[in-house]
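These notes concern the structure reproduced below.
Throughout, protein chains are lettered first and strands after them, A, B, ... in sequence-line order, and every chain is numbered starting at 1.
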2 protein chains.
Amino acid sequence: MLDYEGNLDRVFQALADPARRGIVERLSRGPASVSELAHPLDMTLAAALQHVQVLERSGVLTSRKVGRTRTCELELAGLDLAAKWIASRRALWERRLDRLDELLRDEATDGSDEAE
Amino acid sequence: MLDYEGNLDRVFQALADPARRGIVERLSRGPASVSELAHPLDMTLAAALQHVQVLERSGVLTSRKVGRTRTCELELAGLDLAAKWIASRRALWERRLDRLDELLRDEATDGSDEAE
DNA sequence: CTCATAGTCAAGCATCAACTTAACTATTAG
DNA sequence: CTAATAGTTAAGTTGATGCTTGACTATGAG
């Protein structure tokens, strides 16, 4: 667990930008070059590249340069990190609600009247 | 779908901060007052309140004020929004990999030699 | 070789975000 | 009533972000 917190920071931060989520959506349909990613975003290549770099540092994509084009591909590690953190908090919360529910049920059957 | 994109911005942005994730972790174990949330974070009440407000605007928590204390509780809507967005991109990606796999398998059996 | 393409790097700039402090408003305890 | 508690608001500081432009570096096409 190398800098788990920092990685979470980076992934959530990366996904907080609509342009970067747009890149992820595009990549979820298959690999693409930086230019292809830049085009629908209505921004310069330089800006798109910066987004790609942010996503790469956060583990959401990987890229290789072949000739003069850099091809980007989705990497699940980043998304998984975020998904697991969320799932884990959600689980704790629901488990707590279950215990609460159980407790209330117990008190009810322990009390004066119990239906059926 | 009222400003779906904006809501995603807010949720991911909210979770990008370690202090706010700390609040979520605390709340996943049960409700707490703003002071209780502020204490382990080593920051002023005012700062903690600001984090609470960010989380509330993003749908990650709800709060009610009773007397002079404000009690915060986890709200799954925010976490779910983020979780579903991630799950959806992940699903697209995996489906694509499956199709690719299938395609390669077809070409192999269609080709010259097929072992076993 | 010569030009266009695809990307990269480095400033520079306009916001935005995360605090802080200070002043102020209920509540509640004594 | 008087004080302490819990929160709220506003203003200001500092540092991070998202872009842009301009200069420069491969690569690929004619």
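The cluster map of Ile, Leu, Val, Met, Phe, Trp and Tyr, joined by side-chain heavy atoms under 4.5 Å apart, puts A/L76 and A/V24 in the same cluster. One hydrophobic cluster, built from ILVMFWY side chains closer than 4.5 Å, holds both B/Y4 and A/L15. No path of Ile, Leu, Val, Met, Phe, Trp and Tyr side chains, each step under 4.5 Å between heavy atoms, connects A/M43 with A/L45, placing them in separate hydrophobic clusters. Each of B/V54 and A/L8 belongs to its own hydrophobic cluster when Ile, Leu, Val, Met, Phe, Trp and Tyr are linked at side-chain heavy-atom distances under 4.5 angstrom.
Within the 4.5 Å cutoff, the side chain of B/L37 has heavy atoms near those of the B/V52 side chain. In this structure, A/T62 and A/C72 have side chains that are not in contact, with every pair of non-hydrogen atoms separated by 4.5 Å or more. In this structure, A/Q13 and B/Q13 have side chains that are in contact, with non-hydrogen atoms separated by less than 4.5 Å. Here the side chains of B/P31 and A/R96 are in contact, with some heavy-atom distance below 4.5 Å. Taking 4.5 Å as the limit, every side-chain heavy atom of B/E75 sits out of range of all side-chain heavy atoms of B/V60. Residues B/W85 and B/D80 are not in side-chain contact: their nearest non-hydrogen atoms beyond the backbone lie 4.5 Å or more apart.
The stretch residues 44-60 of chain A touches DNA chain D through A/T44, A/A46, A/A47, A/Q50, A/H51, each having a heavy atom within less than 4.0 Å of the strand. At a non-hydrogen distance threshold of 4.0 Å, nothing from residues 22-38 of chain B comes into contact with DNA chain C. Contacts between residues 9-20 of chain A and DNA chain C, defined by a heavy-atom separation below 4.0 Å, involve no residue at all.
With respect to the salt-bridge test (charged N to carboxylate O, under 4.0 angstrom), the residues B/R90 and B/E94 qualify. Under a 4.0 Å N-O distance rule, the pair A/R20/B/D9 does not qualify as a salt bridge. Residues B/D3 and B/R10 are paired through a salt bridge, judged by an N-O separation under 4.0 Å between the basic side chain and the carboxylate.
One finds the CZ atom of A/R26 at 12.5 Å from the CG atom of A/L61 (value rounded to the nearest 0.5 Å).
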#### Entry: Chi angles and distances behind the side chain to side chain contact (heavy atoms under 4.5 Å, CB included) call for A/E5, B/R21
CA-CA 9 Å; A/E5 280 294 312; B/R21 284 200 308 279; 2.9 Å; yes
### Message
Go through it in stages, so that I can follow the logic: the residues are B/W93 and B/D98, the test is side chain to side chain contact (heavy atoms under 4.5 Å, CB included), and I'd like the CA-CA distance, side-chain angles, deciding distance and then a yes or no.
### Response
CA-CA 9 Å; B/W93 175 249; B/D98 286 351; over 6 Å; no
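Put simply, chain A comes within 4.0 Å of DNA chain D, heavy atom to any atom, from D/dG18 to D/dG28, going 5' to 3'.
There is a side-chain donor-acceptor pair under 3.5 Å between B/R70 and B/S63.
Listed by first residue number, the stems of DNA chain D with at least three Watson-Crick or G-U pairs below 3.5 Å are C:1-30 with D:1-30.
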Atom pairs, N/O to N/O, protein against nucleotides 24-30 of chain C, distance under 3.5 Å?
from	atom 1	to	atom 2	distance (Å)
C/dT27	O2	B/R68	NH1	2.9

